[in-house]
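Note on naming: letters A, B, ... go to the chains in the order of the sequence lines (proteins, then strands), and numbering restarts at 1 for each one. Keep in mind it's a predicted model, so treat the numbers as computed, not measured.
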Amino acid sequence: MPLEKKKIFFLVGPTGIGKSLAAIILAKKIKAEIISCDSMQVYRKMDIITSKIRPKERTKVKHHLLDIIAPKEEYNVAKYRRDALAVCEKLYLKGSLPLFVGGTGLYYSIIIDGLFPMVPEDKTIRAKLNRQLASKGPKYLYKRLGRIDQAAAKKIHPNDSRRIIRALEVYLKTGDKISVLQKNRTGLGKEYLVKVFGLHLHRRLLYERINARVDKMFRLGLVSEVRGLLKTKLSKTAESAIGIKELKGYFEGKYTLEQAKRLIQRNSRRYAKRQLTWFRKDRRIKWISINKTDLPSKVALKIWKKLS
RNA sequence: GCCGAGAUAGCUCAGUGGUAGAGCGCGGCCCUGAAAAGGCCGGCGUGGGGGGUCCGAUUCCCUCUCUCGGCA
């Protein structure tokens with residue numbers, strides 16, 4: 001009897017489409033535990049703003065990587081990968097199935113496809129490069145990158161200062177070209193049997209849903225949650241959650257509450273659009289079309305049917 | 001019913017006698033240690049309908065329809 005390949009499931013899709021609740025029902029059916037694949041739900045105290053499911057729901061199925069760090073701490077892909085793989089390992093030891101659920105495309109890809117060998121961020125180098133960016137502009141850094149790593153420069157747009165800085169950082173630290181290092185990555189896709197499901201809803205309906213969800217966030221107390229968060233210094237990752245800068249603008253009198261809400265809705269819609277661009281090109285995803293009125297149980301059933 | 005203002009991109013509007021722009025919205029795309037971030041690209045729209053003047057009208061004139069404001 002051939003050794004059966006270990007299985008691993010993913011449920012992805014744009015924000016607000018209803019992944020979380022459907023995932024709980026699905027996880028129960030297939031005896032899986034859920035691993036969040038979301039760059040913001042890792043933060044504690046950011047419950048309403050990230051539309052985290054309530055603790056009560058979480059007891060039905062074990063959830064991992066929610067509420068694992070404080071908002072003042074930085075988090076990133078590498079930490080996520082480390083944490084997620086540790087959970088995976090643990091689940092296998094006890095014979096449970098991992099079901100990744102979330103919409104952070106990069107985190108998803110880093111798990112499936114891997115991350116190139118460790119060149120962690122270097123705060124000193126980065127700060128220096130950022131100073132140069134401020135004084136000399138992105139074109140200067142871009143030219144510098146072109147001299148040391150042409151392949152990387154070709155791939156990165158001259159205005160994309162973050163990626164230019166990252167590429168320079170890698171070179172300054174290791175003497176290696178990021179374009180070369182990046183080729184070396186191994187993800188779970190090799191070792192495991194990976195199945196990816198994506199939820200799809202008509203764009204118009206998705207946007208309606210996102211708008212409605214933002215309305216609901218306000219009713220649930222988004223404003224006071226964010227006010228509380230802003231009392232202490234947030235990490236740069238946590239503060240980039242949609243809703244922080246918009247409400248900050250409101251607190252500072254830059255715009256009205258209504259304007260802040262519109263901005264949050266718009267930025268969420270744009271975020272969903274970017275997610276769709278990301279996932280659309282991934283041929284591994286099996287798309288599940290859902291309807292406006294589908295309840296989580298219906299959605300879960302649709303996925304379940306595609307499993308067998 | 002009368003008087004006035006207006007009808008131009010999905011929305012709000014600008015402008016011009018030689019067939020049009022802005023902001024917002026929206027669409028497409030890139031993405032390997034900040035990713036809910038960051039970056040790139042995208043506007044031919046019967047210029048409300050009809051008629052007239054003119055070499056030529058979205059721009060001037062007439063008329064109709066509609067919208068808004070005021071007066072009855």
- Watson-Crick/G-U partner (both atom distances under 3.5 Å) of rG42(B): rC26(B)
- Message: Check this one for me: any side-chain N or O of Arg274(A) less than 4.0 Å away from OP1 or OP2 of rG39(B)?
- Response: no
- Query: Regarding Lys281(A) and the six-membered ring of Trp278(A), is the cationic atom NZ or CZ under 6.0 Å from the ring centre and inside 45° of its axis?
  - Reply: yes
- Quick one: does NZ or CZ of Lys6(A) land under 6.0 Å from the six-membered ring centre of Tyr92(A), within 45 degrees of the ring axis? yes
- Note on the structure: By nearest-nucleotide position on RNA chain B, the 5'-leaning member of Ile165(A) and Asn267(A) is Ile165(A)
- Task: Report the distance from atom CZ of Phe116(A) to atom C1' of rG33(B), rounded to the nearest whole Å.
- Result: 7 Å
- Task: Taking only the side-chain nitrogens and oxygens of Tyr207(A), find out if one of them lies under 4.0 Å from OP1 or OP2 of rG10(B).
- Result: no
- Task: Quick one: look up who rA14(B) pairs with, Watson-Crick or G-U, both distances under 3.5 Å, and put none if it's unpaired.
- Result: none
- Task: Write down the distance between CD1 (Ile49(A)) and P (rA37(B)), rounded to a whole number of angstrom.
- Result: 11 Å
- Taking a pair as Watson-Crick or G-U wobble with both distances under 3.5 Å, which nucleotide is matched to rG1(B)? rC71(B)
- Searching all strands shown, indicate the nucleotide that pairs with rC60(B) (Watson-Crick or G-U wobble; both distances under 3.5 Å). rG52(B)
- Testing rU32(B), rC26(B), rG28(B) for proximity to the side chain of Lys273(A), the answer is rG28(B)
- Item | Residue Ser240(A), side-chain atoms from C-beta onward, closest of rA34(B), rA37(B), rC31(B) | rA37(B)
- Query: Which listed nucleotide (rU32(B), rG33(B), rG39(B)) is nearest to the side chain of Ala78(A)?
  - Reply: rG33(B)
- Between Leu263(A) and Asp38(A), which is nearer to the 5' end of RNA chain B once each is assigned its nearest nucleotide? Leu263(A)
- Query: Looking at the side chain of Tyr271(A), which of rA34(B), rU32(B), rA37(B) is the nearest nucleotide?
  - Reply: rA37(B)
- Query: What class does the angle between the rings of Tyr107(A) and Tyr80(A) fall in, given that below 30° is parallel, 30 to 60° is tilted and above 60° is perpendicular?
  - Reply: parallel
- Item | Length of the CD1-C1' vector between Ile110(A) and rA34(B), whole Å | 13 Å
- Item | Whole-Å distance separating the CG atom of Leu129(A) from the P atom of rG38(B) | 19 Å
- Message: Quick check on rC29(B): is either OP1 or OP2 less than 4.0 Å from any side-chain nitrogen or oxygen of Arg280(A)?
- Response: yes
- Does any N or O donor sit under 3.5 Å from an N or O acceptor when you compare the side chain of Arg163(A) with the base of rA37(B)? yes
- Query: Think Lys183(A) forms a cation-pi with Phe116(A), using NZ or CZ under 6.0 Å from the six-ring centre and within 45 degrees of its axis?
  - Reply: no
- Query: Would you say Arg166(A) reaches rG33(B)'s phosphate, i.e. side-chain N/O to OP1/OP2 under 4.0 Å?
  - Reply: yes
- Message: Suppose we define a pair by two distances each less than 3.5 Å, Watson-Crick or G-U wobble; what does rC66(B) pair with here?
- Response: rG6(B)
- Message: Rounded to whole Å, please give me the gap between CG in Leu276(A) and P in rC29(B).
- Response: 10 Å
- Task: Would you indicate which nucleotide in rG33(B), rA34(B), rG25(B) comes nearest to any side-chain atom of Arg270(A)?
- Result: rG25(B)
- When the ring centroid of Tyr108(A) is compared with that of Phe10(A), is the distance short of 6.0 Å? yes
- Task: Mind calculating the distance between NZ (Lys123(A)) and P (rG33(B)) to the nearest angstrom?
- Result: 15 Å
- Choosing from rA37(B), rC31(B), rG28(B), which nucleotide comes nearest the side chain of Lys155(A)? rC31(B)
- Query: Between Tyr107(A) and rA35(B), is there a side-chain N or O to OP1/OP2 distance below 4.0 Å?
  - Reply: yes
- Query: For the pair made of CD in Gln275(A) and P in rC30(B), what is the distance, rounded to whole Å?
  - Reply: 15 Å
- Item | Under-4.0 Å side-chain N/O to phosphate OP1/OP2 contact, Asn159(A) with rG39(B) | no
- Query: For the side chain of Lys281(A), counting heavy atoms from C-beta on, which of rA34(B), rG39(B), rC30(B) is nearest?
  - Reply: rC30(B)
- What are the two closest non-hydrogen atoms of Ala272(A) and Thr15(A), and how far apart are they? CB-CG2, 3.9 Å
- Compute whether any side-chain donor of one residue and acceptor of the other, for Glu73(A) and Ser235(A), lie under 3.5 angstrom apart. no
- Closest to the Arg266(A) side chain: rG39(B), rG25(B), rC29(B)? rG25(B)
- Message: Taking the minimum atom-to-atom distance to the side chain of Met40(A), which one of rA37(B), rA35(B), rG33(B) wins?
- Response: rA35(B)
